[in-house]
Amino acid sequence: MATPNSSSHQKSDATAMDAPGIDNGEEFGVHVFSSSSELLEKLHEKWTSGKEQPYPAMYSSVFGGIILDPAMMVIPIDDHMVHRGHGVFDTAIILDGYLYELDVHLDRFLRSASKARISSPFPWATLRRILIQLAAASQCKKGTLRYWLSAGPGDFLLSPAGCPKSAFYAVMINEDFLQCTEGVKVITSTIPMKSPLFATVKNVNYLPNVLSKMEAEEQGAFASIWVDEEGYIAEGPNVNVAFITHDKELVLPVFDKILSGCTALRLLELAPKLVEQGRLKSVRTANLTVEEAKGAAEMMYVGSTLPILPIITWDEKPIGDGMVGELTMALSDLLWDDMVAGPETQRLAIPYA
Ligand SMILES: Cc1ncc(COP(=O)(O)O)c(C=O)c1O
């Protein structure tokens, strides 16, 4: 009986172009694209299936402009970010034609770049203008804006000395967002977390984060929780985490060894409203042990694209009564209202043409 491996060594009439990636023995031949137009035609095949193109626009400082053709949304293979992971990134979401918290994300982006010793090809204000014009050109009303600063293209060496100019890339992704109302399961990650130097910089080295997410998914969980070397709760693989104690305190792990999430910081600003209403007793950051955290009344993930995701089970044990927490949803409402109807300081109207 043929196994997937053995069949790839059998002879067949298929050419390499018919079945890319399958080695058909003697008949396997690597196609050489004889012209750019032939290659472009091939690249376009992927995007002409009739489905809506999910990436309406990209910016590349290497090209020096905005690209609308998805087939051309590429970055150079000799870019230091591609082959050495020497790059940083950030995200901002677009809801109903408004960019949410663009400026705080941009601040963190440039802080990350500075820690990664990448000098931006543009000042903050120009980066901001490019991102706004990209969002406008994309016509996207709901989605994610993702952007990268890289040491840039040059050569394939470890040192970026041969990369003369840093590069800025950004892409718009059409995506729908809804407030999360269902609770999820999480596990404690066994994948080692990044050391504080790297965890506090939003750099492109997300291998531990990816492995941690895969580990959780393999166990039927949504994602994982990292615990640091001292036994304190850290964060999730691409989200922060927050707890409500039985005394109705909102507690978030301190940010010294983890990414300071823009959403978590905004939550800390907004949550005192619930204290004023007498629904929460206090709002603070603290070092939390696993025991304290597992004994919380409510637990949630916090991140830009959520903004709050209730957690109801951790390592197969219920959090609180195992139901979506009332205060979790009250915090979710606070953030969601801020995203859809918050003040001008948080929301920027995209100047679509
Ligand atoms: C490791 C990590 N922690 C936390 C967060 C949450 O940050 P934010 O609220 O800015 O999305 C993210 C996402 O950017 C992340 O990648």
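Note: hydrogens, waters and symmetry copies are ignored here, and every other heavy atom, side chains too, is used. All ligand and atom numbering here is 1-based and tracks the order in the structure. The chain is numbered in sequence order, starting from 1.
Residue contacts with ligand 1, taken as heavy atom pairs separated by less than 4.0 Å, do not involve T305 at all. At a 4.0 Å heavy-atom cut-off, ligand 1 touches P237 through the backbone alone.
Between Y59 and F168, the angle of the ring planes lies from 30° to 60°, which puts this pair in the tilted group.
Classification of E249 and R284 as a salt-bridged pair holds, one side-chain N sitting under 4.0 Å from a carboxylate O. Look at R128 and D103 and you find a salt bridge, because one of the NZ, NE, NH1 or NH2 atoms lies within 4.0 Å of a carboxylate O, short of that distance.
What sits closest to atom 6 (C) of ligand 1 on the protein, heavy atoms only, is N240 OD1, 3.6 Å. Given atom 12 (C) of ligand 1, the protein heavy atom at minimum distance is N238 O, 3.2 Å. Nearest protein heavy-atom contact of atom 7 (O) of ligand 1 is G261 CA, 3.4 Å. The protein non-hydrogen atom at the shortest distance from atom 9 (O) of ligand 1 is T263 OG1, 2.6 Å.
Side-chain contact between I66 and M58 is absent, with no heavy atoms from C-beta onward closer than 4.5 Å. Looking only at side-chain heavy atoms (C-beta outward), K257 and T200 stay at 4.5 Å or farther from each other.
Taking any N or O of N209, backbone or side chain, none lies under 3.5 Å from an N or O belonging to ligand 1. Between V302 and ligand 1, no N or O atom pair is found at a separation short of 3.5 Å.
Near H105, the atoms of ligand 1 lying under 4.0 angstrom from a non-hydrogen atom of the residue are 10 (O). Every atom of ligand 1 is numbered from 1 in the order shown, and the set under 4.0 Å from a heavy atom of E235 is 1 (C), 2 (C), 3 (N), 4 (C). Distances below 4.0 Å separate heavy atoms of Y206 from the following atoms of ligand 1: 1 (C), 15 (C), 16 (O). Atoms of ligand 1 found under 4.0 Å from any heavy atom of S304 (numbered from 1 in listed order, with element): 8 (P), 9 (O), 10 (O), 11 (O). Using a 4.0 Å cut-off to heavy atoms of K202, the atoms of ligand 1 that qualify are 13 (C), 14 (O), 16 (O).
The cationic group of K185 does not satisfy the cation-pi geometry with W314, failing either the under 6.0 Å distance to the six-membered ring centre or the 45° limit from the ring axis. Judged by a 6.0 Å distance limit and a 45° cone about the ring axis, K213 is positioned over the six-membered ring of F222. Taking the centre and axis of the six-membered ring of Y100, the NZ or CZ atom of R347 falls outside the cone set by 45° and 6.0 Å.
Note: F89 and F109 fail the aromatic proximity criterion, with ring centroids not under 6.0 Å apart.
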